[in-house]
Amino acid sequence: MPMASPQTLLFCLLFLVTTEGWGQQAAIPGCHLHPFTVTVRSDRQGTCQGSHVAQACVGHCESSAFPSRYSVLAASGYRHNVTSISQCCTITGLRKVKVQLQCGGGRREELDIFTARACQCDMCRLSRY
């Protein structure tokens with residue numbers, strides 16, 4: 001089977017890298033801010049509504065699981081045989097932003113919402129906010 005030239009392989013690699021980023025953010029390791037559009041309505045009927053680009057925290061953080069040490073096994077009555085350590089991508093700072101709502105009759109209202117200001121890998125919690 002013939003081998004491709006180094007130039008052909010480099011071109012294919014560059015093509016894959018550049019086309020992967022089109023239309024979506026390229027996968028970035030770690031935990032980082034990611035924009036998304038939020039639509040806010042004043043009530044179920046949508047009397048007043050508006051949209052705003054807010055920030056979320058998205059990404060991957062380290063985790064591991066390993067057999068527990070003997071001291072952990074003994075202290076748990078031999079029930080805790082695996083020890084897990086994990087971190088989650090977490091919002092570490094919020095900021096308040098104003099969303100302009102368009103209402104019927106040309107009326108406008110403002111509503112405050114929160115958006116992420118900073119992110120980091122941190123201890124996983126069921127609920128922080």
Side-chain angles (χ1 to χ4, degrees):
M1 177 177 257
M3 293 287 292
S5 72
Q7 292 85 1
T8 304
L9 291 174
L10 180 60
F11 174 76
C12 290
L13 180 61
L14 287 173
F15 178 76
L16 286 173
V17 168
T18 55
T19 56
E20 263 312 296
W22 290 350
Q24 64 179 3
Q25 183 177 5
I28 300 171
C31 179
H32 55 277
L33 291 169
H34 181 77
F36 70 100
T37 302
V38 61
T39 299
V40 180
R41 291 185 177 95
S42 62
D43 54 31
R44 289 181 187 235
Q45 290 78 30
T47 306
C48 300
Q49 68 179 28
S51 295
H52 186 79
V53 176
Q55 298 285 336
C57 291
V58 175
H60 306 277
C61 302
E62 286 195 37
S63 65
S64 61
F66 48 90
S68 297
R69 287 185 282 174
Y70 179 76
S71 60
V72 173
L73 280 170
S76 69
Y78 296 90
R79 289 186 305 269
H80 188 88
N81 55 4
V82 175
T83 298
S84 298
I85 298 173
S86 60
Q87 291 188 321
C88 293
C89 186
T90 306
I91 295 173
T92 57
L94 290 171
R95 78 180 161 97
K96 204 182 284 189
V97 294
K98 294 191 180 303
V99 179
Q100 299 291 323
L101 303 179
Q102 302 295 323
C103 306
R107 192 171 52 91
R108 292 184 181 194
E109 291 184 14
E110 267 187 0
L111 182 70
D112 290 335
I113 63 168
F114 286 100
T115 185
R117 185 175 43 85
C119 307
Q120 75 178 32
C121 291
D122 199 358
M123 181 171 53
C124 299
R125 297 173 177 92
L126 290 177
S127 177
R128 278 188 77 143
Y129 309 104

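Nothing here was measured: the structure is a model prediction, and the numbers come from that model.
In this structure, Ser42 OG and Gln102 CD are separated by 11.5 Å, a value rounded to the nearest 0.5 Å. Distance check, rounded to the nearest 0.5 Å: NE2 of His52 to NZ of Lys98 gives 11.5 Å. Interatomic distance, His32 NE2 to Cys57 SG, rounded to the nearest 0.5 Å: 9.5 Å. Distance CD/Gln55 to SG/Cys119: 8.0 Å, rounded to 0.5 Å. Gln49 contributes atom CD, which lies 9.5 Å from atom SG of Cys103 (distance to the nearest 0.5 angstrom).
At least one donor-acceptor pair closer than 3.5 Å links the side chain of His80 to the backbone N or O of Val82. Put simply, the side chain of Ser71 never gets that close to the backbone of Arg69: no donor and acceptor are under 3.5 Å apart.
Counting only N and O atoms by type, the side chains of Gln100 and Glu110 include a donor and acceptor under 3.5 Å apart.
Sulfur-to-sulfur, Cys89 and Cys31 sit under 2.5 Å apart at their SG atoms. For the two cysteine residues Cys121 and Cys61, the thiol sulfurs sit under 2.5 Å apart.
Contact annotation: the side chain of Arg95 approaches that of Thr115 to within less than 4.5 Å [non-hydrogen atoms, C-beta and beyond].
Residues passing the side chain to side chain donor-acceptor pair (under 3.5 Å) test with Thr83, sequence neighbours excluded: Ser68. Looking at residues two or more places apart in sequence or on another chain, you find no side chain to side chain donor-acceptor pair (under 3.5 Å) involving Arg117. For Ser51, the side-chain contact (heavy atoms from CB on, under 4.5 Å) partners two or more places apart in sequence, or in a different chain, are Thr37, Thr39. By the salt bridge (Lys or Arg N to Asp or Glu O under 4.0 Å) test, Arg107 pairs with Glu109, sequence neighbours left out.
As a member of the Ile/Leu/Val/Met/Phe/Trp/Tyr network built from side-chain separations under 4.5 Å, Leu73 groups with Tyr70, Tyr78. Side-chain heavy-atom separations under 4.5 angstrom define the hydrophobic clusters, and the remaining members of the one that includes Val40 are Phe36, Val38, Val97, Val99, Leu101, Leu111, Ile113.
Annotation for His34 and Val58: closest pair CB-CG2, 3.5 Å, computed over non-hydrogen atoms.
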